Each structure stands twice: as structure tokens, then as C-alpha cells.
Amino acid sequence: MPEKPTLDGLEQVWVARWEADGTYLFDRSRPREQVYSIDTPPPTVSGSLHVGHVFSFTHTDIMARYQRMIGKAVFYPIGWDDNGLATERRVQNVYGVRCDPSLPYDPEFVPPDKPGKREIPISRRNFVELCHKLTAIDEQAFEEVWRRVGLSVDWSLLYTTIGDGARAVSQRAFLRNLRRGEAYLAEAPTLWDVSFRTAVAQAELEDREWPGAFHRISFYGEKGPVWVETTRPELLPACVALVAHPSDERYQDLFGTSVLTPLFGVEVPVLAHHLAEPDKGSGIAMICTFGDITDVTWWRELRLPTRPVIGWDGRLLPEPPEGVEPEPYKEVAGKTVHSARERIVELLRESGDLGGEPRPVTRTVKFYEKGDKPLEIVTTRQWYIRNGGRDAELRERFLERGRELAWHPPHMRVRYDNWVEGLTGDWLISRQRFFGVPFPVWYPLDDDGQPVHDAPIAASEEALPVDPSTDVPPGYTEEQRGVPGGFTADPDVMDTWATSSLTPQIAGRWASDDDLFQRVYPADLRPQAHEIIRTWLFSTVLRSHYEFDKAPWSDVAISGWILDPDRKKMSKSKGNVVTPMDLLEQHGSDAVRYWAANGRYGVDTAFDAGQLKIGRRLAIKILNASKFVLGLAESDGPGPAEVTEPLDRSMLAALADVVREATEAFQVYDHTRALEAVERFFWAFCDDYLELVKARAYEPGPGAASAHAALRQALDVLLRLFAPFLPFVTEEAWSWWRDGSVHRAPWPAPEPGDGDPAVLAVASEVLRRVRKAKSEAKLSMRAEVSRLTVAGPEAGLVRQAQDDVCAAGNVEEFVLDHGDELTVEVRLG
RNA sequence: GGGCGGUUAGCUCAGCGGUAGAGCACUCGCCUUACAAGCGAGGGGUCACUGGUUCGAACCCAGUACCGCCCACCA
């Protein structure tokens, strides 16, 4: 036991010791009912950890430690989400490169020290190598933070979403979905990011305000011009119809007729549809293939033809769509959307078809959440998984799955319900990218060398993971790749959610270690943030439903966000982020954890440096109180002493109540209430009980022996109660007098005893009145009280602790009196 | 437009039917043999607003106003 306890250096000491001792290793010999299994979120390593991560991961760790102490074998893995677009983008920025799949592999390629002005095109394999290289560096930094936070994860269970295991699980799950008809390939209008040149899913959309302008343009009807307002005049060559609301008086005569588009002179019908809104613009809209999602709806429901004009790169296609003359289309061919719009407006102005000048507006436009240009809609062939978006019965089954889960807090389920009820289409899982899990399929090539998409060749499950661009499908040879009558690989990779929707299967080694899997699946807990309920949570439920016909976990705990003091979400772009490592080094891990532990599930919490100071103070107090207690009892005789004094028994009875309350709170995932109960008791223990027994504990005799025994019992229990929250300081104090780790010690049971908690409560109250009197007289707490008179119904209780009260208050003469309520008279001097 | 939270002391939050709470901050005092990175004491609130239910409302009900978030087919 050190002379002057300190927090400094505890993290390094204990992190190393826990690793060496295997303190948190999962015991895989235990049956499922003795296991507590956690489906930990794999953080995206191509970003940086922020304070919010520490906040939510600490919540999970607190629960993991509690479960371990109540005797569960805790399956607490961690993973790194390293596959996907975020990594690709980071590789591009860090190394100044760009993936060009048409280039050959260059084994000699070394990226420049600093990214140049122009991105260097490299082959897909070179690019993927750089992705691996960079994520390995990032993952190391992440691990350091998590270890220092004191997460009790079993590092031997580490997985990555691009690793062999994850790829195999991803591909296997997909193949099963495909076989059962839950996954399918379809050519359809798809939301498309023109910068990343990939399709994106509904779940990855976000609305942003974007400047635009209303353009009033005239179409030619038999009875004169029809004025249409549009924000996207460049899509005029893609126009396939006009549409107005069926009850709109102004257009009754036009329904069923057709009009000619300006400039292009294409004949398009005027149709009625209930989604057209009479009070928007002129009440009549042009339908283009495709300007927005409503266009897609109209196009589908009104069975309109397709006139695509926008290509994968966001530019207008070099050739006009069918039915549109090359003149004047050549004016806009190959142009970006922006310059095509300018040109069309010029042409409309020249031809007199522009009514007035464009009126600038700000409107809401759909973006890919990681993108910086508005999404276009392009018809492409993509893989989908059925999610209920087009099937009411299936949707109801997913809602039912949501109801099977215990949500913490319960109202978070509403977000799940809203999402499932609002789905508009199946889940698009393919991405036209490079660093991801490839689809494990190939397509036969017909005699003309065209792929037969209706008959994909699936990989065999034994061969997983496969890369179809280098592996060969069953029954073919490499020589047949790309030749008529041979085969070709599916070029796409899966969206990262298609892999992370399988984290319980990946961490539990589904299909590669079924003995493990059946001990840890379904999991007990899914901890996560609320903004990814629609993505991660829902997709995991979906995959589990299809493969195992059950929910993937029993409980879902949703941590809130960390807001900066202005109540805005902390984010890197706003520059208001404190890095976790700074925080941990500056305040100590236990202090940071204390702050996190005070955040309840589902509640957004303002970042508050004040809470960190309190946590640090608490941690130091635990060390000092431990030192005091352990420094006392060394002179006691052999064998455990008995707790005989009423005050000591009273304190232990109060502590038993605290154990009961903390345990109940943990059982309902309320770590904050547990901490509050323990903390409240601990401060009273230090400020009142320790002061009351101090004198007696110093004076050898039976009274001292009782105090020593009680103090030790209390310390033993308190260290264990604090252990889930403050793992470093409790382990340190535990190591001074106990064998083994406090984190492997059993969670305390409320010790039955015959103590009356009221004795301590009343003695503390009397002491408080004495202190008040001294404080008001501006005297030292050691000042002598010549006579203390206590009266009231509680007087009998005070008598049981009379000597301790007198010693703590430095009281000369003690008098008990009768009375209806507690009165304390303090005569000083 | 629909939904979900929130509004309590200067700040961060607890309380969710029975006389307003904690910590921080602030003020005053104390070197008291675990801790001065400590200890003691104190000041400070018409519990957002308006109605209603009740013997009694911060707490339940209805509505209003702000704040935050989620969702949505806003040419």
C-alpha cells in the first residue's frame, strides 16, 4: 500500500496486468444460459474515435463487468469496421490515389509521401492493398484508446469486417438469401451518387437544403401553351409525360390529350395522378426519367416509357434517348447537369419558351449521406434483399420482431417502427466500389459474350470466401473467363451494412465454429446509437430473421449523443471535438468513465468538464478511504472479528440496502441509478461514518475490533460495487489486500443482518447539528462542545452511538432528554 | 406534414401524486493524525405556459409555446 496513493499510471499498470492474466477471456466451456453475449458495434476505423464513442462504449463495458461479477461468462468481442466507402475515401485522401479497375497490378507501386495535386490512378489490387495498409494503422490507434478506457473486451475475439471470417460469413449469408429467394438481381431506377459512381440505399439518404430555381416553360397543346414549372429544365429531353391532379379544374380538358415538348418537339401525354399537387408551381408537373423519386412512382404507376439522359458520371449521355432527335440534343450531350441546365435555359429563352426569368428557391434535395452532390436516378442492375418495403405481410413480421426486443429506453422502438413502416422499396445491397466484400457469383457468357444475368453461378459454401474476379466458378477454368460461352465475375461489392448486419454471426463464428456459435447466439445485448436504428439495427434483425427465424438479441440499449455546450451534436467539421486520448490522459480513465456512467440510455448529454473533475475526485477518495481502512486493522488478533457495535451494524444494514438497490438497477439496465446509490452511500460513509468511528477505531479494544471488521466488510463490498464503473482505482485498492482481480470477484449479495439503519442516520444528523453550530460560530470542527443535549423520539437511537457521537464532536458532557421531535442543543466552549 | 423526446437552482441533471433535490459554480469558515486534488456550513427555484382531474399536481389529462431528434412522394 503506497504512502500517498495516486491515480497516475494506474491505467498502464492494470491494462498490462489484465492482458497478461487473461482477466477478460471468454470461457467457452459454459452453456448458453451461463453466458452473457454482447454484439459490440464495430467502429469505423477510417474516421476517428470521438468522445461519443467513449461514452457509449463505457455504458456497455459497465454492463459487461456487472454481468461478469454476477457469474456470467461474458462474450465481449470487438470488431473494426474497415471495409467500405469510408476507407476508400480516406485512402484516396491520405495517399493521393484513385482506383482505376482497368489498370494492371503494379507490384512495385509505392504511394508518394505526400498526396500530389492530381490523384494517381492505380489498379484495384494496388488500391485494396493500400486500404489494408491504412486500416491496420488506424486499428492500432483505436485499440490503444479502448484499452486505456478499460474496456473489458476479450481481444482474442477481434474481427474486422474485411477479414476472411467476415467475408465468408457475408458471402454465406448472401448465398442463403439468394437460394431462398430473399435476395434478387433487378434492373431498376436506382438512387445514384455521381461522385462516388455507385448506387446507394434508402437508409443512406439524407435531405439537404440546396439552391435551385423555378423555371416556367411552355409546352405546346392543341389549344395553346401549357405552362409548367420545373427546377430541372435540363431534364426536358427526358420528359415522358405531364401530370396534374385528377380534380384540378384547370387541366380537365387536357387529360387524355398530348402536348409537344419545347425545343425537342416530343409528343407526351397529359395524365392525371393523385400525387400531383395543385398548389405546387402551376399545378402541372413534367415527368422525366428520372428527376426524383416521385417521377419513379409516376413512371411505374402510369406505365410510361423511359428516356434516360443522365449517365453514371452525372453527365448527359452522348446520344439522345429513343424518340428524341439529335438536334438540338447535341447542344447538351456530354455536359454536366449544371452546364446542361444553363444551355437549355439559353435555348428556351431564344425560342421564347421561357416564361419570365428563373426564380431562385432553396429546396430540399436527397443526398447520399457521405456525398457532396445531389443524387441522380439512374437505371442500373443491382442486388436487392427483400425488406418488406414492397410486401406488407413481411413488413408486419419485421415489426413483430421489433416488439420481441427489450428496448432501453422503450420509446426508441418507435424509431424502428417508423422506419419499417416507411420503407418504400427493397434493400439495395450492391455497390459499384472496390474495397468491400465481393458478391460470390459469376454469370455465364452467351455465344455473343453477353452475360446471362438470369442464371448467376453461385460459389459453393465450402470455398468461401471467394473473389470472383480471381477465383473460378465451379465447373469452369480460368481460360474461360471473359470469352463467349465462358463466364464473367459479378463486378460489384456489397454495401458495408450488408456485412455489419451480420456482426453476431461474424463474432460468434457462425458456420465455422458452431460449438462457439450456439453458446453466444442469439446475443443478450445490442448496444448502439439511435441514428443507426434504421441501418444497423434493422438490417441485423432482418438477416437473423431470414437465417434463424429469431431476433438476434434479447435487449437493445441505445446510448444518446454527446452534445457540445451549445447543444449541438459534437462533430469534427464543427471543430468542437475533444479527442478521447487527450481526455483520458488529462483526467484519468476512471474520471472519464464516471462522466460517461452518469449518462442514461437514450439521453443526449452535454459534454461537461465539471463531471470529469467529480469523477477524478471520487476515484482519489476511494484510494484514500481504502488506505485509511486498511491501515487500521493490522493489529487485530487472529480470525475475523465480530461486528458488535450498533452503529457498525447499522452501517452494514444501510450498505445492504444499497447493494439491493444497485443490483435491481443493473437488472433493468439502469447503470446510472446503480452508480448514484453507491456513490451517495460512499460519500456519507466517508463523511459521517468514518468520522464517527475514527476515535474508537484508534483505541485498542473490542470496540475497535468491531469497527475494523465493519470497515473491512464495507470496503470489500464498496470496491466491488464501484468496480464496473471505476475499474482501475478499484482494482488498485483491491490489490492492496485481496488476491485476484476485483473484476473476477463475485458481485456482493445484500448481507442479512440485524442492524438498524436508523442508528447511523440519526447519529449522522446529530453530528451535522454539532458541525453546524461550530460552523456558525466560525470555529474549527475540533472545537470542544461543553454540553450536548439531544431530545426527541430518536434519542434512544442516539444513545446506542453515544460515545462515537461524543468523540466525533469533541463533546464533554452528553445529556439525553425527552421531546416530541428531534432537538439538538449545542453548548460550545 | 407525421412521430418521439425535452423544458426543475447560474450550469449539468435526478425526482414522476403527498411539505422542492444532488453535484458543480458562488459565499463564509476550518491545517480535523485517510484525503487541503480535503472538510464543514450557507445563500439560491411562482418545477415553460394555460386549463382540467384530485383532499392534494413538478409529477396524471387536454392544449399552447419554444428546443432537439427521427421519418416523409415538398415538380
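What you are looking at is a predicted structure, and each value in this text was computed from that prediction instead of being measured. Per chain, numbering begins at 1; letters A, B, ... match sequence-line order.
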| For the side chain of A/R782, counting heavy atoms from C-beta on, which of B/A72, B/U32, B/A14 is nearest? | B/U32
| remark: Atom CZ of A/R616 and atom P of B/G38 are separated, to the nearest Å, by 11 Å
| field | Interatomic distance at P, B/G10 relative to B/U33, whole Å | value | 38 Å
| said: I'd like the C1' distance from B/A58 over to B/G18, given in whole Å. | reply: 13 Å
| message | Cation-pi check for A/W683 against A/R617: NZ or CZ below 6.0 Å from the six-membered ring centre and within 45 degrees of the axis, yes or no? | response | yes
| Does A/K772 make a side-chain N or O approach to OP1 or OP2 of B/G42 shorter than 4.0 Å? | yes
| task | For B/G6 versus B/C49, give the span between their C1' atoms, rounded off to a whole number of Å. | result | 15 Å
| message | Treating primed atoms plus P, OP1 and OP2 as sugar-phosphate and everything else as base, which nucleotides of nucleotides 15-26 of chain B get B, S or - for protein heavy atoms under 4.0 Å? | response | S-------SSS-
| Between B/C28, B/C39, B/C69, which nucleotide has the shortest distance from any of its atoms to the side chain of A/W683? | B/C39
| message | Side chain of A/S775 only, heavy atoms from C-beta on: which candidate in B/A41, B/C39, B/A72 is closest? | response | B/A41
| query | Hey, which of A/T289, A/T294, A/T306 is the one that makes side-chain hydrogen bond (donor to acceptor under 3.5 Å, both in side chains) with A/W299? | reply | A/T306
| Value in whole Å for how far the C1' atom of B/C39 lies from CG of A/L779 | 15 Å
| message | Without decimals, in angstroms, what is the distance between A/R768 CZ and B/C30 P? | response | 22 Å
| said: Can a side-chain donor-acceptor contact be found between A/S218 and A/D353 if the only test is distance below 3.5 angstrom? | reply: yes
| said: Would you say the rings of A/Y601 and A/H59 are close, in the sense that their centroids are separated by under 6.0 Å? | reply: yes
| query | Can A/R232 and A/D295 be counted as an ion pair, charged N to O under 4.0 angstrom? | reply | no
| task | Check the side chains of A/E206 and A/Y368 for a donor-acceptor pair under 3.5 angstrom, ignoring hydrogens and angles. | result | no
| field | Salt-bridge present (A/E396, A/R403; N to O < 4.0 Å) | value | yes
| Do A/T364 side-chain and B/C74 base share a donor-acceptor contact under 3.5 Å? | yes
| said: Expressed as a whole number of angstroms, how long is the span from A/Q586:CD to B/A37:C1'? | reply: 14 Å
| What integer number of Å spans the C1' atoms of B/U12 and B/A25? | 11 Å
| message | Taking the basic N atoms (NZ, or NE/NH1/NH2) and the acidic carboxylate oxygens, is any pair closer than 4.0 Å for A/D417 and A/R413? | response | yes
| remark: In whole angstroms, the gap separating C1' of B/G5 from CD of A/E531 amounts to 16 Å
| query | Can a side chain N or O of A/K366 be found less than 4.0 Å away from OP1 or OP2 on B/C71? | reply | no
| task | Would you kindly give the CD-to-C1' distance between A/E229 and B/C74, to the nearest whole Å? | result | 14 Å
| said: Quick check for you: among B/C69, B/C73, B/C35, whose closest atom lies nearest to any side-chain atom of A/E691? | reply: B/C35
| said: Checking contacts here: which listed nucleotide (B/C71, B/A37, B/U32) is nearest the side-chain heavy atoms of A/W419? | reply: B/C71
| said: Please pick, from B/C4, B/G40, B/C28, the nucleotide with the shortest atom-to-atom distance to any side-chain atom of A/D687. | reply: B/G40
| request: Please state how far atom CG in A/D248 lies from atom P in B/A75, giving the value in whole angstrom units. | output: 16 Å
| request: Report the nucleotide, chosen from B/G29, B/C73, B/G40, that has the shortest atom-to-atom distance to any side-chain atom of A/L275. | output: B/C73
| Atom pair distance, as rounded to whole Å: NZ in A/K4 and P in B/C35 | 7 Å
| said: Can you identify which nucleotide, out of B/A75, B/C30, B/C73, has its nearest atom closest to the A/S780 side chain? | reply: B/C30
| Side chain of A/A285: nearest nucleotide among B/C35, B/A75, B/C73? | B/A75
